[in-house]
Amino acid sequence: MPESGKQEAGTAASDHIPGAGAEAMAAAGSATAATAGPAGPAGPAVSAGTAGITRTASAGSGHPSASVPAGSAPSDTAFPSARSEKTSASGGAGKAAVPGAGVRRTSLLVTLVLGGLTALPPLSMDMYLPALPEVTRALGAPAATIQLTLTACLAGMALGQLVVGPLSDKLGRRRPLLVGMVVYVLATAICAFAPNAELLIGFRLLQGLAGAAGIVIARAMVRDMYDGVEMARFFATLMLISGVAPVIAPVIGGQVLRLTDWRGVFYVLTGVGLALTLVVFKYLHETLPQERRHTGGVGEALRTMRGLLADRVFTGYMLTGGLSFAVLFAYISASPFVVQEIYGASPQTFSLLFGVNSIGLITVGQINGKLLVGRVRLDKVLAVGLAVITLAGLALLLMTSGVFGKVGLWPVAAGLFVLMSAMGLIMPSTNTQALMRTPHAAGSASALLGTSSFLVGAVASPLVGIAGEATAVPMAVVQLVCALLAVGCFLGLCRPWQRSPEA
């Protein structure tokens, strides 16, 4: 890694740090939900006291407020954040190097548990998708109402991150995570017995609120243990694990529907949540030591977020990512009705197509992280991704509106595959560029990124069913409009041509 990729750490306290060299984090492939905190002190190689986690520390001085003598961490906590010394990639200027950098190694079990926590929310969404038409018939509610069960879960995940993220900075990671998992299991079990659409919507909201704990805390735990390139690599690994969920979830959901009705999907989710809760309780230990926890209240958190939103470029990337996520969620919300009701495919065929599209997203994301990072500017990658989803949205609108005559399932499926795959270029780039500007408030920045994406997606969800189940035009319109708005935010707020060519 070039020496030009190193800078002194004194800039970490500044309000905003330009996003130069952010390519090093793009391999994460997902939003880096992280908590800001000073680097821990250096010391000899020490066992961290958590299941399968060790740290090999390098020489350097740590921040005095986080000083912990080697080997003196409490028995139920991991050591302070192991920070890498360099975070630049070839071809990009480096970010602030943090003294006391080191490398932690996590066991396969801990890696799988963290991956499972980040995979649980998409599993909760996607396993349910093949059952949407059946839920509509069973509860006697219109499609737009049943799609609100997706909106409620998504809104819950958005709002839950704003609550659980700062709470975990104050109380530690383990307790809020366990409480969230228990509530998730209970809410999911009640969804299985919902007698009407209104109750199902309400408990899907609670399910999302509780499931948000897994998203934000799992990624915060990674931030506690890693930084820079090492964190990016670990997140790339997590993406492979959590990325399996969108692939297998609809397939599992389709098979469950062959054996039972839509309520069986929630039985399976309850079992998965309960198993994950038990594993977390037994094997996942605290990673945020007492001395690194925040003591500020709600006022401090709100001031931090207000400062982040005042940064035009950060807000630009946040909105670009959120609107792009709305394109993705318009597909997720509408595709069960489009594929099964309009084009007459079976739940199993829908599950297969959904899985293929998810594989496309994962593959492009890994190509982005492994081959493009350090070779191509993140803003160029992002621009290509935005262009692809805009063109794909336009093609889908032309096909579904009858401009090309009657179009069958496979041309539409091809357009959706291209659109879905391009998200592997967009999501890592927007989140990385935004987070690299805010090393002093990474936790709050991550919460804003996650919340904005989920809220915009929640708004897009009911719009795709506004014209009923007989046409796919609303889906294509929502996708194209959101893609064009994302391009507008990228050009109007991020203005990549005005910043360093390395950014």
Side-chain angles (χ1 to χ4, degrees), residues 18-19 22-23 26 29-31 308-309 311-334 357 360-361 364-365 367-368 372 376-401 403 414-437 448-461 463-464 472-501 503:
E23 289 90 341
S30 60
L308 292 172
L309 293 174
D311 177 10
R312 171 180 53 80
V313 178
F314 171 84
T315 302
Y317 285 118
M318 181 188 74
L319 292 176
T320 301
L323 289 164
S324 300
F325 188 82
V327 175
L328 174 63
F329 200 74
Y331 156 73
I332 293 174
S333 180
N357 290 345
L361 186 152
V364 173
I367 291 173
N368 181 26
L372 300 183
V376 182
R377 289 178 55 197
L378 275 181
D379 282 330
K380 288 184 178 179
V381 174
L382 177 56
V384 170
L386 291 172
V388 171
I389 66 169
T390 302
L391 292 174
L394 177 61
L396 286 168
L397 179 58
L398 294 176
M399 286 189 287
T400 57
S401 61
V403 172
L416 291 173
F417 174 81
V418 172
L419 183 145
M420 185 86 161
S421 298
M423 294 298 170
L425 300 177
I426 297 172
M427 292 189 292
S429 301
T430 54
N431 286 309
T432 298
Q433 289 283 53
L435 286 168
M436 288 301 287
R437 295 182 64 84
L448 285 174
L449 289 170
T451 298
S452 62
S453 294
F454 281 111
L455 283 179
V456 175
V459 171
S461 174
L463 295 179
V464 299
V473 171
M475 176 192 73
V477 169
V478 170
Q479 289 173 332
L480 181 58
V481 170
C482 289
L484 290 172
L485 289 174
V487 172
C489 289
F490 177 60
L491 297 177
L493 295 176
C494 301
R495 303 174 191 172
W497 62 86
Q498 293 183 351
R499 292 181 290 117
S500 168

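Taking both residues in full, the closest heavy atoms of Thr320 and Ala486 are given as OG1-O, 3.6 Å, listed atom of the first, atom of the second, then distance. Here the shortest heavy-atom pairing between Ala392 and Val418 reads CB-CG1, 4.4 Å. Summarising the geometry of Cys494 relative to Gly316, their closest heavy-atom pair is SG-C, 3.4 Å, with the distance given to 0.1 Å. Across all non-hydrogen atoms, the minimal contact from Cys489 to Leu319 is SG-CB, 3.8 Å. Residues Val327 and Ala483 share a closest heavy-atom pair of CG2-N, 3.6 Å. The two atoms that bring Leu463 and Pro474 nearest to each other are O-CB, 3.9 Å, heavy atoms only.
Looking at Thr430, its side chain does come within 3.5 Å of a backbone N or O of Met427 through a donor-acceptor pair. Ser453 places no side-chain N or O within donor-acceptor distance of the main-chain N or O of Phe325, the cut-off being under 3.5 Å. The backbone N or O of Ala330 lies less than 3.5 Å from no partner atom in the side chain of Ser333, so there is not a single donor-acceptor pair.
Residue Ser324 holds its OG atom at 11.0 Å from CG of Leu425, rounded to the nearest 0.5 Å. One distance of note links CG of Leu396 with CE of Met475; it measures 5.5 Å at 0.5 Å rounding. Between the CG atom of Leu419 and the CG atom of Leu328 there is a distance of 8.0 Å, given to the nearest 0.5 Å. In this structure, the separation between CZ on Arg495 and CG on Leu493 is 7.0 Å, given to the nearest 0.5 Å. One finds the CG atom of Leu308 at 5.0 Å from the CZ atom of Phe314 (value rounded to the nearest 0.5 Å). Here the CG-CZ distance, from Leu382 to Phe490, works out to 4.5 Å after rounding to the nearest 0.5 Å.
Between Leu484 and Leu480 the shortest side-chain heavy-atom distance falls below 4.5 Å. For the pair Met318 and Leu323, the minimum side-chain heavy-atom distance is 4.5 Å or more. For the pair Leu361/Ser421, no side-chain contact is recorded, criterion being any heavy-atom separation below 4.5 Å from C-beta on. No side-chain heavy atom of Tyr331 sits less than 4.5 Å from a side-chain heavy atom of Val464.
Tyr317 and Asp311 are not linked by any side-chain donor-acceptor pair at a separation below 3.5 angstrom, with hydrogens and angles left out of the test.
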Test side chain to side chain contact (heavy atoms under 4.5 Å, CB included) on Leu416 and Gln479; report intermediate values, then the result.
CA-CA 10 Å; Leu416 291 173; Gln479 289 173 332; 4.1 Å; yes

Between Val459 and Phe329, does the side chain to side chain contact (heavy atoms under 4.5 Å, CB included) criterion hold? Intermediate values first, please. CA-CA 10 Å; Val459 171; Phe329 200 74; over 6 Å; no

